Amino acid sequence: MELRLACREDVPAVARLYDMARASLKAAGVPQWQAGYPNGDDALRDIEQGHGYVLTEDGKVAAFACLAFGVEPTYNVIERGGWLGRGEYGFLHRVAVDPVLRGRGAAGLFFDELKRQAGERGVKIIRGDTHRLNLPMQRVMAKNGLKLRGIIHVEDGSERLAYECILE
């Protein structure tokens with residue numbers, strides 16, 4: 001697997017990944033992403049902002065994620081817990097992995113890259129969130145050192161489990 005910045009030409013492949021992820025979540029009874037978000041337009045926006053990354057295997061786009069630093073507005077209010085870190089943080093959003101790569105550590109490679117970039121910037125905080133029923137992503141977060149810190153609400157008002165890792 002090779003990790004690289006995504007480009008505009010990757011958008012159709014990323015949109016397919018989102019469609020596959022949506023179907024997989026639905027089959028698992030997870031209502032996350034069922035209203036058409038994220039989609040190719042969201043991927044293009046991430047790419048244009050320099051936050052979109054793809055994992056490729058044999059030249060084919062097999063996974064996508066948004067890796068960013070700064071402020072995620074939905075993280076400004078956290079309930080039933082709290083953030084431990086203060087200051088700038090990195091965050092991972094909109095992770096989609098082709099089913100052929102599941103269980104092979106693809107999502108972990110995105111976290112590794114986010115942590116690498118955080119080290120270069122001197123950032124000590126990594127955050128992420130997922131739906132309460134999205135058990136695979138909860139396992140990925142835990143496996144990559146993120147701890148449950150509380151509940152946040154995304155733009156549509158639905159709740160998400162909020163995770164954070166304080167880097168050494």
Side-chain angles (χ1 to χ4, degrees), residues 1-6 14 17-18 21 24-25 28 30-33 35 37-39 41-55 62-97 101-168:
M1 288 184 277
E2 181 182 327
L3 179 71
R4 65 169 170 78
L5 270 169
V14 174
L17 288 173
Y18 284 145
S24 178
L25 289 167
V30 180
Q32 186 176 9
W33 292 6
Y37 166 88
N39 56 45
D41 291 339
D42 298 303
L44 180 59
R45 193 168 23 264
D46 288 337
I47 291 166
E48 288 174 343
Q49 293 173 354
H51 304 307
Y53 286 80
V54 292
L55 276 174
F64 179 84
C66 168
L67 284 64
F69 289 84
V71 174
E72 166 53 57
T74 62
Y75 291 175
N76 289 340
V77 176
I78 185 169
E79 302 168 352
R80 292 183 252 162
W83 300 118
L84 295 182
R86 299 285 178 250
E88 185 180 11
Y89 54 89
F91 52 95
L92 189 71
H93 283 324
R94 296 178 283 284
V95 179
V97 178
L101 284 188
R102 288 199 189 127
R104 293 180 45 203
L109 293 174
F110 289 124
F111 277 105
D112 290 346
E113 177 63 14
L114 187 61
K115 290 174 184 177
R116 185 193 68 73
Q117 289 182 25
E120 286 181 354
R121 292 170 167 256
V123 172
K124 300 291 184 190
I125 306 163
I126 301 294
R127 293 182 179 159
D129 65 89
T130 194
H131 194 279
R132 178 177 302 283
L133 299 177
N134 191 340
L135 300 180
M137 184 51 78
Q138 290 176 44
R139 286 191 292 271
V140 166
M141 298 247 202
K143 185 176 180 180
N144 286 280
L146 284 83
K147 308 281 187 221
L148 181 62
R149 300 291 189 223
I151 305 293
I152 58 109
H153 290 85
V154 294
E155 292 84 359
D156 70 2
S158 58
E159 78 171 29
R160 296 290 183 267
L161 300 178
Y163 290 80
E164 179 183 54
C165 176
I166 307 298
L167 302 172
E168 298 295 319

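Since the model is a prediction, treat every value here as computed from it, not as a measurement.
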Test log, rule salt bridge (charged side-chain N to carboxylate O under 4.0 Å, His left out), inputs R116 and E113: CA-CA 5 Å; R116 185 193 68 73; E113 177 63 14; 2.6 Å; yes
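- From I126, atom CD1 reaches atom CZ of F91 across 10.5 Å, with rounding to the nearest 0.5 Å.
- Separation of atoms CE (M137) and CG (L25) is listed at 9.5 Å; rounding is to 0.5 Å.
- Separating the CZ atom in R127 from the CG atom in L114 is a distance of 12.0 Å, to the nearest 0.5 Å.
- For the ring-ring contact (aromatic ring centres under 6.0 Å, His included) condition, no pair includes a residue of residues 110-152, sequence neighbours left out.
- The side-chain heavy atoms of E72 and H93, taken from C-beta on, include a pair separated by under 4.5 Å.
- Under the salt bridge (charged side-chain N to carboxylate O under 4.0 Å, His left out) criterion, the residue pairs touching residues 144-155 are R149-E164, with sequence neighbours excluded.
- In this structure, the side chains of D129 and I152 come closer than 4.5 Å at one or more pairs of heavy atoms.
- In this structure, CG on L67 lies 9.5 Å from CG on L5, to the nearest 0.5 angstrom.
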If you apply the rule side-chain contact (heavy atoms from CB on, under 4.5 Å), what do you find for I151 with L161, and how did you get there? CA-CA 5 Å; I151 305 293; L161 300 178; 3.5 Å; yes
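- I125 places none of its side-chain heavy atoms less than 4.5 Å from the side chain of W83.
- Two residues are said to be in side-chain contact when any heavy atoms from C-beta on lie closer than 4.5 Å; N144 and C165 fail this criterion.
- The shortest side-chain heavy-atom distance between V71 and N76 falls under the 4.5 Å cut-off.
- Taking both residues in full, the closest heavy atoms of I78 and A162 are given as CD1-CB, 4.0 Å, listed atom of the first, atom of the second, then distance.
- At a threshold of 4.5 Å between non-hydrogen side-chain atoms, the residues K143 and V140 do not count as touching.
- Across every non-hydrogen atom of V97 and A106, the tightest pair is CG1-CB, 3.9 Å.
- In this structure, the separation between CD on E168 and NZ on K124 is 8.0 Å, given to the nearest 0.5 Å.
- Taking both residues in full, the closest heavy atoms of L133 and P31 are given as CD1-CD, 3.9 Å, listed atom of the first, atom of the second, then distance.
- Here the side chain of E79 pairs no donor or acceptor atom with the backbone of G150 at under 3.5 angstrom.
- Residues I47 and F64 are in side-chain contact: their nearest non-hydrogen atoms beyond the backbone lie under 4.5 Å apart.
- In terms of heavy-atom proximity, S24 sits nearest to R102 at OG-NH1, 3.4 Å.
- In this structure, the side chains of N134 and R160 stay at 4.5 Å or more apart for every pair of heavy atoms.
- What you find for H51 and A68 is that their closest heavy atoms are ND1-CB, 3.6 Å.
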D112 vs K115, test: salt bridge (charged side-chain N to carboxylate O under 4.0 Å, His left out). Steps then yes/no. CA-CA 5 Å; D112 290 346; K115 290 174 184 177; 5.2 Å; no
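- With hydrogens and angles disregarded, a donor-acceptor distance shorter than 3.5 Å links the side chain of Y18 to the backbone of R94.
- Residues A65 and V95 come closest through the heavy atom pair CB-CG2, 3.9 Å.
- Expressed to the nearest 0.5 Å, how far CZ of R104 lies from CG of L109 amounts to 10.0 Å.
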